[in-house]
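Note sheet for the following structure.
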2 protein chains.
Amino acid sequence: MFDIPVSTLRYYDKEGLFPGIHRDSGIRKFSEQEIDALRVIDCLKKSGLEIKDIKRFMQWCVEGSSTYPARLELFRRQKQCVEEEMQRLQQVQAMLRFKCWYYEQAMQDGNEERLRHMKPEEMPEDIRKAYVQSHLTLDE
Amino acid sequence: MFDIPVSTLRYYDKEGLFPGIHRDSGIRKFSEQEIDALRVIDCLKKSGLEIKDIKRFMQWCVEGSSTYPARLELFRRQKQCVEEEMQRLQQVQAMLRFKCWYYEQAMQDGNEERLRHMKPEEMPEDIRKAYVQSHLTLDE
DNA sequence: TCTTGACCTAAAGTTAGGTTTAGGTATTAC
DNA sequence: GTAATACCTAAACCTAACTTTAGGTCAAGA
């Protein structure tokens with residue numbers, strides 16, 4: 001259903017990611033609760049959170065309304081993280097766009113001579129923008 | 001300069017990421033070549049490439065013009081990867097937007113009763129959109 | 001009956017990408 | 001002269017997030 005190996009589900013459970021999971025004579029029963037937990041786990045993992053922090057969140061969920069502020073703050077923080085990650089990826093994309101253009105040119109020319117001496121001002125505008133953007137933060 | 005630990009630079013070199021690096025009586029000399037390599041390494045790493053694949057790219061760079069097509073294809077593939085990653089992150093963001101709204105409501109209400117019975121149709125439009133978007137791929 | 005398959009546990013193993021340590025050389029600062 | 005630094009290597013260590021293995025229980029089907 002979720003394309004997650006059984007071993008991973010057991011690992012998650014061992015790590016405390018399903019604090020309230022019910023068992024039927026030893027066998028884990030995944031209810032709508034846990035399905036939902038899996039969605040949140042997936043989301044929080046992709047937002048950069050570690051398992052132990054996801055566990056803490058799952059604990060908050062069983063602790064009730066007193067932990068609403070903590071949970072809200074967590075999601076706000078992760079939203080911020082993802083926004084920053086997207087910005088980094090946009091810079092990465094700029095570099096990749098530039099590199100694709102670069103090697104298209106190199107293939108046409110058969111060598112990198114012309115490119116080696118090219119200044120940003122001589123590049124097509126969109127490529128120059130990509131070049132400049134991708135050479136920002138890591139420079140100097 | 002790049003805020004990379006010396007140990008990491010040595011590790012990269014050991015992994016073959018600076019194939020043509022020059023040494024002055026045993027000591028590595030980082031020229032403009034290697035500075036540029038570091039930018040590309042950073043970009044390729046963030047695009048999801050592993051060290052051993054970056055090494056392969058660096059090898060191509062010393063092999064000359066015959067590897068232009070391979071290099072171009074690599075950058076095109078990584079561009080694709082990053083685009084897909086951005087889409088995944090947009091879905092994650094939708095979930096986070098929904099969760100932030102959810103807990104803002106829960107804090108106002110003091111409990112989750114109202115929210116528990118709420119159907120997507122009853123949510124504010126932007127939140128409903130976020131909810132629907134974030135519940136897409138992992139569902140059923 | 002028996003054997004196939006789904007579930008279980010605890011514990012060991014795996015992988016990537018570094019980091020740390022131990023031991024050594026060479027240059028600079030006082 | 002000697003002491004603090006910056007560099008070097010090889011090899012051991014580390015962490016997160018799984019995965020694999022070994023060994024066992026139980027129920028259904030041929």
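Per chain, numbering begins at 1; letters A, B, ... match sequence-line order.
Spacing between atom CG of A:Asp24 and atom P of C:dC7 amounts to 13 Å, rounded to whole angstrom units. Rounded to a whole Å, the CD atom of A:Glu15 is 10 Å from the P atom of D:dC18. For the pair A:Leu9 CG and C:dC8 P, the computed distance is 9 Å after rounding to whole Å.
Applying the salt bridge (charged side-chain N to carboxylate O under 4.0 Å, His left out) test to residues at least two apart or on different chains, the pairs with a partner in residues 21-30 of chain A are A:Asp13-A:Arg23, A:Asp13-A:Arg28. Applying the salt bridge (charged side-chain N to carboxylate O under 4.0 Å, His left out) definition to pairs two or more places apart or across chains, those involving residues 95-105 of chain A are A:Glu104-B:Arg76.
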May I have the list of side-chain donor-acceptor pairs in residues 118-130 of chain A shorter than 3.5 Å, sequence neighbours left out?
unit_1, atom_1, unit_2, atom_2, d
A:Glu122, OE1, A:Lys119, N, 2.6

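Listed by chain and number, the residues in a side-chain hydrogen bond (donor to acceptor under 3.5 Å, both in side chains) with B:Gln105 are B:Arg114 (sequence neighbours excluded). Legend: residues meeting side-chain hydrogen bond (donor to acceptor under 3.5 Å, both in side chains) with B:Gln59, ordered by chain and number and at least two apart, are absent.
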Quiz item: Could you write nucleotides 9-26 of chain C as a row of B, S and -, 5' to 3', where a protein heavy atom under 4.0 Å of any base atom gives B, of only sugar-phosphate atoms gives S, and otherwise -?
Solution: B-------BBBB------
